[in-house]
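A quick write-up on the structure given underneath.
Side chains are part of it too, since the values below use all heavy atoms of this structure and drop only hydrogens, waters and symmetry mates.
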Amino acid sequence: MRIGELARRSGVSERSLRYYETQGLLRAERTPGGQRRYGEWAVDRVIRVQALYAAGLNSKKIAQLLPCMRDVDGGPSEAATPRLVAELTAERDRINRMITDLVVSRDVLDEAITTASVGVRQAATGPIGPGPRRPR
């Protein structure tokens, strides 16, 4: 498939796809005219790269990681080393810490929303309870 079709199917810009190629994250065959051609596997690869970027990994780490992941053929890679496994484990631990921090932040927001909602309801309906009476 051509670069435009890969961009459309993966939801990634053509510019990003060219960048992925320069970073060694994606490879393309070239036609005699120099146009890029990608196999069907490229859609899954681009989606996987996007997920790794979203997890906070940089292109250098992703380039190290991709050969260790199973692609369409499902075969294991021999590129994994104990050091890479340790680095990836550390990345996963970092992501888990971020998730924990995000849950705490969400809980704080939930509490603020609840408190603010009570304040909004009171402003709209008046204070809760009878309160002092005004003379007529």
Side-chain angles (χ1 to χ4, degrees):
M1 81 187 78
R2 298 172 91 175
I3 192 169
E5 182 179 350
L6 178 57
R8 181 184 57 76
R9 289 179 57 189
S10 64
V12 175
S13 71
E14 291 180 22
R15 181 178 180 192
S16 292
L17 295 175
R18 287 189 286 272
Y19 174 76
Y20 293 172
E21 191 174 339
T22 65
Q23 297 299 302
L25 308 177
L26 186 64
R27 70 179 189 288
E29 301 293 324
R30 297 288 184 145
T31 66
Q35 292 184 336
R36 291 171 172 86
R37 294 284 187 186
Y38 300 93
E40 286 296 317
W41 60 269
V43 176
D44 290 333
R45 170 64 61 100
V46 171
I47 291 169
R48 185 171 287 167
V49 167
Q50 284 289 291
L52 293 169
Y53 271 127
L57 277 69
N58 61 40
S59 59
K60 182 179 178 183
K61 184 66 65 187
I62 294 171
Q64 292 176 322
L65 170 63
L66 282 175
C68 300
M69 298 179 79
R70 296 175 190 265
D71 269 332
V72 177
D73 67 359
S77 172
E78 297 179 18
T81 64
R83 179 180 175 181
L84 180 60
V85 170
E87 290 173 357
L88 295 175
T89 300
E91 287 291 337
R92 183 193 58 212
D93 293 345
R94 180 188 63 79
I95 291 168
N96 283 336
R97 286 189 303 275
M98 288 174 57
I99 290 169
T100 299
D101 292 345
L102 286 169
V103 168
V104 169
S105 296
R106 184 195 60 206
D107 292 346
V108 169
L109 279 173
D110 285 345
E111 184 178 336
I113 290 167
T114 300
T115 301
S117 296
V118 169
V120 168
R121 281 193 303 273
Q122 285 178 357
T125 61
I128 298 175
R133 293 193 158 253
R134 291 189 208 175
R136 291 188 181 203

Please, which pairs that meet salt bridge (Lys or Arg N to Asp or Glu O under 4.0 Å) have at least one residue in [range], sequence neighbours excluded?
range	value
residues 96-105	none
residues 1-13	E5-R9, R9-E40
residues 52-67	K61-E87

side-chain contact (heavy atoms from CB on, under 4.5 Å) against [X], all qualifying residues, sequence neighbours excluded:
X	value
A55	L57, I95
T100	none
T89	V85, R92, D93

E21: salt bridge (charged side-chain N to carboxylate O under 4.0 Å, His left out) partners, not counting sequence neighbours: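 Salt bridge (charged side-chain N to carboxylate O under 4.0 Å, His left out) check on E21 returns R30, R36.
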Residues that E91 engages under salt bridge (charged side-chain N to carboxylate O under 4.0 Å, His left out), provided they are two or more places apart: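 Once residues adjacent in sequence are excluded, the partners of E91 under the salt bridge (charged side-chain N to carboxylate O under 4.0 Å, His left out) criterion are R94.
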How long is the span from the [atom1] atom in [X] to the [atom2] atom in [Y], to the nearest 0.5 Å?
X	Y	atom1	atom2	result
T22	L17	OG1	CG	11.0 Å
L52	I47	CG	CD1	12.0 Å
S59	Y20	OG	OH	10.0 Å
E29	T31	CD	OG1	10.5 Å

Residues in ring pair (Phe, Tyr, Trp, His ring centres under 6.0 Å) contact with Y19, at least two apart in sequence or another chain: none
Step-by-step side chain to side chain contact (heavy atoms under 4.5 Å, CB included) determination, M1 to V43: CA-CA 10 Å; M1 81 187 78; V43 176; 3.9 Å; yes
Summary of ring pair (Phe, Tyr, Trp, His ring centres under 6.0 Å) pairs that have at least one residue in residues 94-124, sequence neighbours excluded: none
Selection residues 96-118 - residue pairs positive for ring pair (Phe, Tyr, Trp, His ring centres under 6.0 Å), sequence neighbours left out: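 Residue pairs passing ring pair (Phe, Tyr, Trp, His ring centres under 6.0 Å), neighbours aside: none found.
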Nearest non-hydrogen partners of L25 and Y53, listed with the distance: CD1-OH, 3.6 Å
Minimum-distance pair of heavy atoms, taken over all atoms of S13 and A7: C-CB, 4.2 Å
Residues forming a side-chain hydrogen bond (donor to acceptor under 3.5 Å, both in side chains) with S10, sequence neighbours excluded: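 Counting only residues at least two positions away or on another chain, S10 forms no side-chain hydrogen bond (donor to acceptor under 3.5 Å, both in side chains).
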R48 to W41 six-membered ring, cation-pi geometry met (6.0 Å, 45°):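 That pair does not qualify as a cation-pi contact.
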Residue pair L26, Y38: steps toward the side chain to side chain contact (heavy atoms under 4.5 Å, CB included) verdict: CA-CA 9 Å; L26 186 64; Y38 300 93; 3.7 Å; yes
